[in-house]
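My questions will all concern the structure given below.
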Amino acid sequence: MLSDLKICVVGLGYIGLPSAALLANRGYQVQGVDICPEVVDTINKGSIHIVEPDLDSFVHSAVNSGHLNASLRAEPADIFILAVPTPFHEGFVPNIDYVLSATKAIASVVKSGNIVILESTSPVGTTEKVAETLRKAGVDTDALHIAHCPERVLPGHIMRELVENDRIVGGITPEAGEKVAEFYRTFVTGEVLLTDARTAEMAKLTENSFRDVNIAFANELSLLSDKFGINVWELIRLANRHPRVNILQPGTGVGGHCIAVDPWFIVHEGGEDARLIRSGREVNTRKTEWVVEKVQNEVLAFREDKGREPVVACMGLAFKPNIDDLRESPALWVFQKLVAAGVDPMAVEPNVKKHPSIVLTPWKDAAQQADIVIYLVAHREFQNLEVMGKVLDFCGVTEA
């Protein structure tokens, strides 16, 4: 029975908490582990510390049923899932410190026959380092089933996509892959696809690099269109009427923990052979810098024309529409650069109630007060919004 199996999920962030709550609601006994006492306390009260549709009801139900509890230390379990961040060091060098720390945290409680799954998006070879770390801690890894199964969900749709999306399982050994795939098939309705650990790691990096390169094409078109005096949104609409062309929409840049980060994992290991992927990253970074330059030029023109400082509103701080996630957000970067340049813009983010260091302004107030309205994220609240000042639309919200 599922209730006889205990699962330990290490890392209760944007992937770990939804996974833990989903599994608990499917009948598993789940222990969630996080290093932050506030996160642990919040979850044990049946509440959530992140915004994701339906997650609150999943967590509330799981905690009330007794199938989910959170703590600061890992306990013995049958299945261990590592879902911790994998950022990078300065210079875009991959940082797997959290993965290795999480591995050490479970080393004293894993036992023969256990399953250990790395879900964190990771550089190629990281799953092998998980096994190596356990061995160095005295664990007989030959008696474990170790695999990589990268998450492939879209923020705002996580609870549904955890179930419906196909999953890739890459085992350290074929036997481990089969064992882990059997577990995922208990709650995933999509297809569970088997491969080796390195291919599974590279598959997730490839998916996000593909998207990054394609977004870079759209962003480069937006730079060229501005130079040529062309409406890029109309240009893309017309070009996409070709039966074999599907250009994406440009934006402020590319953010989030996945698309803005994962390509660098390939570039770091691939070196000169990762030229296109590197170029895509550089184009998308350049687009964000260009947005800052365009805003600064508009501010300068206003000063010269009106003889005073303009009231500027940055509309959106999240890395994509209709979520509260600010990780690697180009919109947030633009806001911070404008503050550093002395512009002092209003910050508008309808999906965040409170920020520890940024004063947030309601979007309707900002729209009425600003001399320059800068659309950085196409949140639903901004569509058909009546504004009083000059509009700079970098995300196409006024083109919808």
Side-chain angles (χ1 to χ4, degrees), residues 154 156 208-256 259-260 276 279-302 305 310 312-323 329-335 338 345 348-350 363-364 366-368 370-400:
L154 182 69
N208 284 329
S209 296
F210 173 84
R211 296 176 65 198
D212 195 43
V213 168
N214 280 272
I215 295 170
F217 181 78
N219 279 334
E220 189 163 282
L221 281 180
S222 70
L223 300 178
L224 294 169
S225 294
D226 182 75
K227 180 176 289 188
F228 301 152
I230 295 171
N231 182 320
V232 68
W233 314 103
E234 180 184 6
L235 171 67
I236 291 175
R237 277 196 298 268
L238 294 172
N240 280 347
R241 295 300 292 268
H242 188 287
R244 288 171 295 281
V245 173
N246 184 23
I247 303 168
L248 302 181
Q249 299 298 301
T252 305
V254 175
I259 302 180
L276 181 60
S279 294
R281 272 287 70 232
E282 291 171 346
V283 167
N284 287 329
T285 298
R286 171 58 189 150
K287 178 61 185 294
T288 309
E289 296 168 345
W290 177 87
V291 168
V292 173
E293 294 169 7
K294 293 291 287 187
V295 174
Q296 289 177 318
N297 288 338
E298 194 66 36
V299 168
L300 180 60
F302 185 96
D305 182 45
V312 177
C314 286
M315 308 294 281
L317 301 179
F319 82 81
K320 61 174 290 181
N322 308 319
I323 63 171
S329 171
L332 178 61
W333 191 88
V334 168
F335 170 79
L338 293 175
V348 179
E349 180 42 70
W363 71 90
K364 290 182 180 178
Q368 295 299 307
D371 299 303
I372 303 174
V373 174
I374 311 164
Y375 286 117
L376 299 172
V377 189
H379 290 314
R380 63 173 67 92
E381 289 86 355
F382 303 158
Q383 294 178 2
N384 303 314
L385 184 63
E386 184 178 342
V387 301
M388 301 303 293
K390 174 73 175 288
V391 171
L392 299 180
D393 183 1
F394 297 108
C395 59
V397 69
T398 61
E399 299 288 330

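Values below: all heavy atoms of this structure, side chains included; hydrogens, waters and symmetry mates excluded. Predicted model, so just to flag it, every value in this text is computed and none were measured.
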Kindly say whether Leu317 contributes a backbone atom to a donor-acceptor pair with the side chain of Ser329 at under 3.5 angstrom?
yes

Which heavy-atom pair separates Gly316 from Ala331 by the least distance, and what is that distance?
O-CB, 3.4 Å

Within the 4.5 Å heavy-atom criterion, are Glu298 and Val312 side-chain neighbours or not?
no

Quick one, Asp226 and Lys294 - any side-chain contact, counting heavy atoms below 4.5 Å?
yes

Which atom pairs, one a donor and one an acceptor, fall under 3.5 Å between side chains of residues 232-249 and the rest of the protein, sequence neighbours left out?
from: Asn240; atom 1: OD1; to: Ile247; atom 2: N; distance (Å): 2.6
from: Asn240; atom 1: ND2; to: Ile247; atom 2: O; distance (Å): 3.0
from: His242; atom 1: ND1; to: Arg244; atom 2: N; distance (Å): 3.0

Drop me the distance from Thr285's OG1 to Glu289's CD, to the nearest 0.5 angstrom.
6.5 Å

Would you please name every residue forming a ring-ring contact (aromatic ring centres under 6.0 Å, His included) with Phe319, sequence neighbours left out?
none

Quick one: do Arg286 and Glu293 make a salt bridge, cutoff under 4.0 Å?
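Yes, Arg286 and Glu293 are salt-bridged.
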
Using every non-hydrogen atom in the two residues, find where Ala370 and Ala313 come nearest and quote the distance to one decimal.
CB-CB, 3.7 Å

Residues Lys390, Val373; criterion side-chain contact (heavy atoms from CB on, under 4.5 Å); working and verdict
CA-CA 6 Å; Lys390 174 73 175 288; Val373 174; over 6 Å; no

For Ala318, is there any backbone N or O sitting under 3.5 Å from a side-chain donor or acceptor partner on Glu349?
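Confirmed, Glu349 side chain pairs with Ala318 backbone.
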
If every non-hydrogen atom of Val299 is compared with every non-hydrogen atom of Pro310, which pair is closest and at what distance?
CG1-CG, 3.8 Å

Polar side chain donor-acceptor pair, Lys287 to Ser222, under 3.5 angstrom
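Present: a donor and an acceptor within the cut-off.
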
side-chain contact (heavy atoms from CB on, under 4.5 Å) for Val387 and Gln368? Distances and angles first, verdict last.
CA-CA 6 Å; Val387 301; Gln368 295 299 307; over 6 Å; no

So does Thr252 get a backbone contact from the side chain of Thr288, meaning a donor-acceptor N/O pair under 3.5 Å?
yes

With distance as the sole test, does Asn322 use its side chain to make a donor-acceptor pair with the main-chain N or O of Gly156 at under 3.5 Å?
no

Pick from Leu338, Val295, Leu332: which one makes a side-chain contact (heavy atoms from CB on, under 4.5 Å) with Cys314?
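Per the side-chain contact (heavy atoms from CB on, under 4.5 Å) rule, the option paired with Cys314 is Leu338, out of Leu338, Val295, Leu332.
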
Does this structure show an ion pair linking Arg281 with Asp212, if we count only N-O contacts that are shorter than 4.0 Å?
yes

Return the minimal non-hydrogen interatomic distance between Val377 and Phe382, and the atom names on each side.
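Residues Val377 and Phe382, closest heavy atoms: O-CD1, 3.2 Å.
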
Taking atom CG of Asn384 as the centre, report whether more than 12 heavy atoms of other residues, nucleotides or ligands fall under 6.0 Å from it.
no

Is there a donor-acceptor pair under 3.5 Å between the side chain of Asn214 and the backbone N or O of Phe210?
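Yes, Asn214 side chain to Phe210 backbone: donor-acceptor pair under 3.5 Å.
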
Apply side-chain contact (heavy atoms from CB on, under 4.5 Å) to Val292 and Trp333, showing your working.
CA-CA 9 Å; Val292 173; Trp333 191 88; 3.6 Å; yes

Hey, can you pull the donor-acceptor pairs under 3.5 Å for the side chains in residues 391-400, sequence neighbours left out?
from: Asp393; atom 1: OD1; to: Cys395; atom 2: N; distance (Å): 3.0
from: Asp393; atom 1: OD1; to: Gly396; atom 2: N; distance (Å): 2.8
from: Asp393; atom 1: OD1; to: Val397; atom 2: N; distance (Å): 3.3
from: Asp393; atom 1: OD2; to: Val397; atom 2: N; distance (Å): 3.1
from: Asp393; atom 1: OD2; to: Thr398; atom 2: N; distance (Å): 2.9
from: Asp393; atom 1: OD2; to: Thr398; atom 2: OG1; distance (Å): 2.5

